[in-house]
Number of protein chains: 2
Amino acid sequence: MLADVAAAAGVSATTASYILNGRAAQMRIAPETDERVRAAAARLGYRPNRSARSLRTRRTATIGLVSDQIAGEQYGSSMLTGASLAARELDHLVVMGESGGDADLERLLLEEMRERDVDGIVYATRTARTIHLPDALRGVRSVLLNCEDPDERYASVLPDDEGGGRTAAATLVAAGVSEVWVVGEDPTPEATAGPRRMAGIRAGLAEAGLELAGVVACDWSVTEGFAATTRWLAGGGRAEGLVCMNDRVAMGVYQALAEAGLRVPDDVSVVSFDGSALAGWLRPVLSSVELPFTELGALAVRRLLDSDDHGGTETVPMVVRHGGSVRTARDGPA
Amino acid sequence: MLADVAAAAGVSATTASYILNGRAAQMRIAPETDERVRAAAARLGYRPNRSARSLRTRRTATIGLVSDQIAGEQYGSSMLTGASLAARELDHLVVMGESGGDADLERLLLEEMRERDVDGIVYATRTARTIHLPDALRGVRSVLLNCEDPDERYASVLPDDEGGGRTAAATLVAAGVSEVWVVGEDPTPEATAGPRRMAGIRAGLAEAGLELAGVVACDWSVTEGFAATTRWLAGGGRAEGLVCMNDRVAMGVYQALAEAGLRVPDDVSVVSFDGSALAGWLRPVLSSVELPFTELGALAVRRLLDSDDHGGTETVPMVVRHGGSVRTARDGPA
DNA sequence: CACCACTGCTGAATCGAATCAGCCGCATCA
DNA sequence: TGATGCGGCTGATTCGATTCAGCAGTGGTG
């Protein structure tokens, strides 16, 4: 208790409080007294009671993070790691809640967090998409993570999917690939990653004077990627380079190509999005444009706790992690 | 504020408090008054201030979860989902912290949680193993998740790796496989999963009058699984059935078998541990003994909040998820 | 009629910090 | 010499709940 420290140092609790909160100078405390109090605090292992402090200050040094299901997700959960570490650096802790997409549970979680007077809430979604801001979030300082509300001017943190698309295209172009197909179509209407990546891919190709040769539509899963690619190949489909909408699709594509006797990268160059661990497990290692999940989570928290931040969408660049799935330029057709 | 509710209902804050805390009967409050107060609370949308409550009661309806890196982990992060949902069911919230294996950061996180008066702490590790209980955990109600301290009688929740080993063996035995090799050796001395699975496998085989034919040693990764299996095959290694220590090893094994022209399950039956999403992505789908991560997380929280729980290790069964990687019995050699 | 038990409720203290307003003593200045 | 200012500190209040101890009023009892 603060009172114990004060007693041990022979001062009032008021003085001890000022000193331990770094307001000694402002309060004209004698350096000698300052030191005496700090020494007492250290000796007694003083740790302020956060509940008491929060009751007065209305601040808890705790932030909330609510998501549909980023914890259970394969590797989007690194957003949690990033958020947790960034929070720690700014002397905060994270209370998390996962709604599983249940709107009632979500509201409940948000309310529980408000009751606990969290200093802010990060509202995250597993897949990048547009959302309708939950009412329970109104009036609370918050940052949207991996999602945005087009109707509101909320602070929002997203991966730069369009830039990622350009990078993917540029990676193939640099290898001398001139005929590029995309595998994977956006599965859900509100998801933003697909359209943005597509736009980036087209733009990247256009810069090289190329056009997208075609699209193999499928959901973003291994099985769908495999099935769609198999059908496409069976129908005579061929391409020098494939851009897969994520690593799982790419895995399905690998399987389909292998069954058709086509080799990566000799016959087909493959680039993908995600940069997940899976990319590193494939043979050859998949070149993939990485979703910077850890950084996204960290940035969301930093913006949340930065009182100078006044909203708007901020994107984090997506960088390609090179594997061996894209032929090197000199392997190209002469 | 409680005072507002009390005023609106024309009673004292004391009375309102008793009623809203369900102690009306005990305090002999008139049913009519009870109703009036509840109505007022509902009308005003009363939400108690948790900090104020915690200051008095020393309870926060919040638990801590500290881990080395379960959030960033591929699918161990479902422990978080399980913990979060179980906590919610028991009217608690979870504050999480990830130390990344840094002992100083871990201590800091544990102390921050104590300062916040959490009602208990779940201490989790990414991989099942024995640990030395952190000092900062002493004196705090806690449950170890996916780890245990052999020197202490702490409450601990673990997957039943030995049972899982038996199940893996039984799965192959049931398919008529009689020559079984294991791929993957325990990478680290303190990890418990490996030895326990091995013991289970041997026991399961013994029940069928069989012995383990051999072990292909390697770290638990795709690349190591591939490399070791490739070397083994090149050296003339053959087996009817392989038990892989996890799904990543199995993926490497698949790759090695494919390159050697061996087919799963026609030439080799494969069983694995983890039951991760990866198992479902492989072709054929990998039969894998599932690590019940969600249930482990939930159980840890339930035990933490169950004041009748007095410690000891509790294991959760591992169930096999059947894919197509084990030949069916009638395919067996006549 | 005094005493008691019981019903139904409330006043005041408490949890541990933060913080406003102000006090005391000494030096300075007119 | 008295007013003023400043350095250095503290008393008392506050945050919003929980909870102990106890107080009116009523009806029953001997």
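This is a predicted model, so every value here is computed, not measured. Any value given below was found using the heavy atoms of this structure, including those in side chains, with hydrogens, waters and symmetry copies removed. We name chains A, B, ... by the order of the sequence lines, and we start the count at 1 in each one.
Computed from coordinates, the A:R36 CZ to D:dG8 P distance equals 13 Å when rounded to whole Å. The separation between A:I29 atom CD1 and C:dA18 atom P is 14 Å, rounded to whole Å. Spacing between atom CD1 of B:I19 and atom C1' of C:dG8 amounts to 10 Å, rounded to whole angstrom units. A straight line from CZ of B:R56 to P of D:dT18 spans 10 Å, rounded to a whole angstrom. In this structure, B:E115 places its CD atom 14 Å from P of C:dG16, rounding to the nearest Å. Going from atom OH of A:Y18 over to atom C1' of D:dA12 covers 12 Å, rounded to whole Å. What separates CE of A:M27 from P of C:dT19 is a distance of 9 Å, to the nearest Å. If you measure from atom CG of B:L20 to atom P of D:dA17, you get 10 Å, rounded to the nearest angstrom.
With a 6.0 Å radius and a threshold of 12 heavy atoms from other residues, nucleotides or ligands, B:E35 has its CD atom at or below the threshold.
Checking the phosphate oxygens (OP1, OP2) of C:dG16, no side-chain nitrogen or oxygen of A:R53 falls inside 4.0 Å. Taking side-chain N and O atoms only, B:T15 has a distance below 4.0 Å to OP1 or OP2 of C:dT10. OP1 or OP2 of C:dC9 has at least one side-chain nitrogen or oxygen of B:T33 nearer than 4.0 Å. One finds a side-chain N or O of A:Y46 lying less than 4.0 angstrom from the OP1 or OP2 phosphate oxygen of C:dA17. For B:N21, a side-chain nitrogen or oxygen approaches OP1 or OP2 of D:dT18 to under 4.0 Å. Note on A:R58: a side-chain N or O is less than 4.0 Å away from OP1 or OP2 of D:dG16.
Put simply, the residue from B:T192, B:L296, B:V316 that forms a side-chain contact (heavy atoms from CB on, under 4.5 Å) with B:P159 is B:L296.
Salt-bridge annotation for A:E314 and A:R302: absent, with no side-chain N of the basic residue lying under 4.0 Å from a carboxylate O of the acidic one. Using a 4.0 Å cut-off between a side-chain N of Lys or Arg and a carboxylate O of Asp or Glu, B:D309 and B:R303 qualify as a salt bridge. A salt bridge does not link A:E112 to A:R107: none of the charged nitrogens lies less than 4.0 Å from a carboxylate oxygen.
The CG atom of A:L304 lies 8.5 Å from the NE2 atom of A:H92; values are rounded to the nearest 0.5 Å.
The nucleotide whose nearest atom lies closest to any side-chain atom of B:L55 is, among C:dA18, C:dA17, D:dG16, D:dG16. Counting only heavy atoms from C-beta on, B:S17 has its side chain closest to D:dT19 among D:dG16, D:dT19, D:dC9. Side-chain proximity of A:S12 to D:dT19, C:dA18, D:dT10: nearest is D:dT10.
DNA chain C is contacted by both A:R28 and A:R23; A:R23 maps to the nucleotide lying nearer its 5′ end (nearest heavy atom per residue). Nearer to the 5' terminus of DNA chain C, by closest-nucleotide assignment, is the contact made by B:G10 (compared with the other of B:G10 and A:A52). Nearest-nucleotide positions on DNA chain D for A:V11 and B:M1 put A:V11 closer to the 5' end.
Counting non-hydrogen atoms under 4.0 angstrom, B:T14 reaches a base of the nucleic acid. Residue contacts shown for A:L2 are limited to sugar-phosphate atoms, with no base heavy atom under 4.0 Å away.
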